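Notes follow once the structure below has been shown.
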Amino acid sequence: MSKLAETDDLFFTRAGMDLPRTQTLVDDALAGADDGELFLEYRQSEAVTYDDGRIRNASFDTTQGFGLRSVSGEVSGYAHASELSEAALKRSAETVRAVISGQGGVAADGPRGTNADLYGDGNPLTGVGFEDKVALLEEMNAYARAKDPRVKQVTASIAGEWQAVQIIRTGGERAADIRPLVRLNVSVVVEQDGRMETGGHGVGGRVGYGDFIRPEAWKAQIDEALRQALVNLEAVPAPAGEMTVVLGSGWPGILLHEAIGHGLEGDFNRKKTSAFAGLMGERVASPGVTVVDDGTIGDRRGSLTIDDEGTPSSYTTLIEDGILVGYMQDRMNARLMGMQPTGNGRRQSFAHHPMPRMTNTYMLGGDKDPAEILESVQDGLYAVNFGGGQVDITNGKFVFSCTEAYKIENGKIGAPVKGATLIGNGPDSLTKVSMIGNDMKLDPGIGTCGKDGQGVPVGVGQPTLKLEGLTVGGTAA
């Protein structure tokens, strides 16, 4: 069964709505609008958390609803409801028509579809029973505690969702997608001589649970979480000051995502509130720095066969060899800026309007061996994992905390450090990249991005990077 046919069954056969009547209501509601769509959504989600020897939380939710949007110029009207009915749709149509009252816009052409299918449409929530999930988490808990007597607490969780969407535009244009998403996480607390430290790791993607619940797979996650915790037991206070910083590959790309990626979204640049506004075609990074947003990678957490406006996702080059060459666009901002949509129109749910959002954003690899990069640093910091951070989109200033970092002394990795923060300016930090590793890696599938109160799954990645003169906040006296 095609995705369009499967979602027809969900939204029309089962919900009792009439497709021809729905199409007529959409056509009438958006007459005279520049753009707009009806977004239908059905979602099932579940999560089980096992903490300190018992189930702390277990949930299963089913939600459904629609969002109707009309766009006139740079103004949009949006109405949503959790009731899938013709009456609710009529009420919403009256609301969004107010935006285009007296206007005579010409509807933008709809997205051109592709035959790409980036993930299977099977429902991961039906493949593994609740009892099996609990047994898995119990086994993870037992394994972690048996690995090392210093383990004092283990928190393990498994979560998944199955989302079906259909986008209906004027003139009978329709697109559909069915999106699986799973995640497995573990956190370990260890204690030694009265000192307690934590390590954590997780994996996920747009697949079923099978890839992650094999013993060799979940044991690897626990081993990594425990390794991080034990490293932190030996950590000394972090140095402070301006120094050379080497960023590890993979998850440290979260700094790239936050400090630079958001500034390359179309809406911030159209409104000229981004630090990158007006710099198209200019050098914004060191030679060799190429940054892309790629929503077309199979099974990745941030990937989308189509975005939430029906546009197929794409491989979008943002910075090429240090030159700003592109932005991530939804349909409205692309039209207003005279550009093409890039498949980055995303929304958290039917209750939220779409806007430009990242998918999988990463820096391409270079030609340096990571060992060579470390050997080139006499005194600096090697940052391998990050926790939370804050960024100001208007000027690119950021502060990020390191959850795993080490001193670099005479070209070698030294003692682990605790309490290190990276402080800087996103656009400025791009110009400080002096060496780019050949080990580009994506994160393990755990990213969630927040913007304007909406959260969506994303991916990040980068190779090992050497940055000159970055400010490090530390705790050393």
Side-chain angles (χ1 to χ4, degrees), residues 241-265 268-269 274-294 315-328 358 360-384 386 389 391-400 402 405 408 411 421-443 460-472:
E242 188 174 286
M243 65 186 72
T244 300
V245 174
V246 175
L247 301 178
S249 62
W251 178 245
I254 188 64
L255 191 151
L256 177 79
H257 168 102
E258 294 288 358
I260 297 156
H262 279 297
L264 298 176
E265 291 168 337
F268 292 129
N269 287 277
S274 166
F276 291 98
L279 298 181
M280 184 67 73
E282 298 186 19
R283 177 166 296 282
V284 296
S286 299
V289 172
T290 296
V291 179
V292 303
D293 184 82
D294 185 4
Y315 179 100
T316 305
T317 303
L318 305 170
I319 298 172
E320 185 171 21
D321 198 21
I323 307 298
L324 180 61
V325 297
Y327 298 129
M328 291 166 279
M358 285 173 271
N360 303 299
T361 309
Y362 55 94
M363 184 184 297
L364 300 190
D367 60 356
K368 303 299 183 184
D369 187 280
E372 178 186 355
I373 294 176
L374 288 167
E375 290 169 359
S376 72
V377 181
Q378 290 302 303
D379 184 29
L381 184 78
Y382 180 37
V384 179
F386 287 94
V391 181
D392 186 336
I393 301 300
T394 61
N395 55 32
K397 293 181 179 179
F398 63 81
V399 178
F400 272 86
C402 301
I408 305 176
T421 58
L422 299 188
I423 304 166
N425 175 287
D428 180 59
S429 67
L430 285 179
T431 67
K432 296 182 176 182
V433 176
S434 60
M435 298 180 77
I436 304 174
N438 58 10
D439 59 340
M440 200 291 288
K441 184 172 67 173
L442 295 173
D443 77 281
V460 301
Q462 67 173 44
T464 298
L465 297 176
K466 178 182 176 182
L467 291 86
E468 306 287 356
L470 203 61
T471 299
V472 176

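The shown structure was predicted, so the numbers you read here are calculated from the model rather than taken from an experiment. Any value given below was found using the heavy atoms of this structure, including those in side chains, with hydrogens, waters and symmetry copies removed.
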Worksheet item: Got a sec, which residues hit side-chain hydrogen bond (donor to acceptor under 3.5 Å, both in side chains) with T464, two or more places apart in sequence or on another chain?
Response: D439
Worksheet item: Short question: side chain of E320, backbone of V292 - any donor-acceptor pair under 3.5 Å?
Response: no
Practice prompt. First locate atom OG1 of T421, then atom CG of L381, and finally report the distance between them rounded to the nearest 0.5 Å.
Written response: 10.0 Å
Item to complete: Just jot down the side chain to side chain contact (heavy atoms under 4.5 Å, CB included) partners of A275, sequence neighbours excluded, or say none.
Response: P427
Worksheet item: Taking all non-hydrogen atoms of both residues, which atom of I393 and which atom of G263 are closest, and how far apart?
Response: CG2-CA, 4.3 Å
Fill in: K466 side, atom NZ; T244 side, atom OG1 - distance, nearest 0.5 Å
6.0 Å
Worksheet item: If you look at every heavy atom in N269 and F276, which pair is closest and at what distance?
Response: OD1-C, 3.4 Å
Worksheet item: Given side chains that start at C-beta, do those of L264 and S274 come closer than 4.5 Å, heavy atoms only?
Response: no
Donor-acceptor pairs under 3.5 Å, side chain of residues 250-261 to any protein atom, not counting sequence neighbours: which ones?
from	atom 1	to	atom 2	distance (Å)
W251	NE1	F386	O	3.1

Give the table of side-chain donor-acceptor pairs shorter than 3.5 Å for residues 361-372, with sequence neighbours excluded, one pair per line with atom names and distance.
from	atom 1	to	atom 2	distance (Å)
T361	OG1	D293	OD1	2.7
Y362	OH	D294	OD2	3.2
D369	OD1	A371	N	2.8

Worksheet item: What closest approach, in Å, do G288 and I436 show between heavy atoms, and which atom pair accounts for it?
Response: O-CD1, 3.3 Å
Practice prompt. Can you sort out the partners of D443 under side-chain hydrogen bond (donor to acceptor under 3.5 Å, both in side chains), two or more places apart, ordered by chain and number?
Written response: none
Worksheet item: Checking side chain to side chain contact (heavy atoms under 4.5 Å, CB included) for the pair L318/M328: CA distance, chi angles, key distance, verdict?
Response: CA-CA 8 Å; L318 305 170; M328 291 166 279; 3.8 Å; yes
Worksheet item: Mind checking what makes side-chain hydrogen bond (donor to acceptor under 3.5 Å, both in side chains) contact with T471, not counting sequence neighbours?
Response: none
Discussion item. Is any side-chain heavy atom of L465 closer than 4.5 Å to one of V246?
Written reply: no
Worksheet item: Listed by chain and number, what are the side chain to side chain contact (heavy atoms under 4.5 Å, CB included) partners of D392, not counting sequence neighbours?
Response: T394, N395
Worksheet item: Minimum heavy-atom separation for M280 to G326, with atom names?
Response: SD-N, 3.7 Å
Worksheet item: Tell me the side-chain hydrogen bond (donor to acceptor under 3.5 Å, both in side chains) pairs involving residues 275-292, sequence neighbours left out?
Response: none
Worksheet item: Which heavy atom of V391 sits nearest a heavy atom of F400, and at what distance?
Response: CG2-CE1, 3.9 Å
Worksheet item: Quick one: are V325 and I319 in side-chain contact, heavy atoms under 4.5 Å?
Response: no
Item to complete: Could you tell me which non-hydrogen atom of V377 sits nearest to which non-hydrogen atom of I408, and how far apart they are?
Response: O-CG2, 3.6 Å
Worksheet item: In chain order, what residues pass the side-chain hydrogen bond (donor to acceptor under 3.5 Å, both in side chains) check against K441, with sequence neighbours excluded?
Response: none
Worksheet item: Taking only residues at least two apart or on different chains, which pairs with a member in residues 425-437 satisfy side-chain hydrogen bond (donor to acceptor under 3.5 Å, both in side chains)?
Response: D428-K432, S434-E468
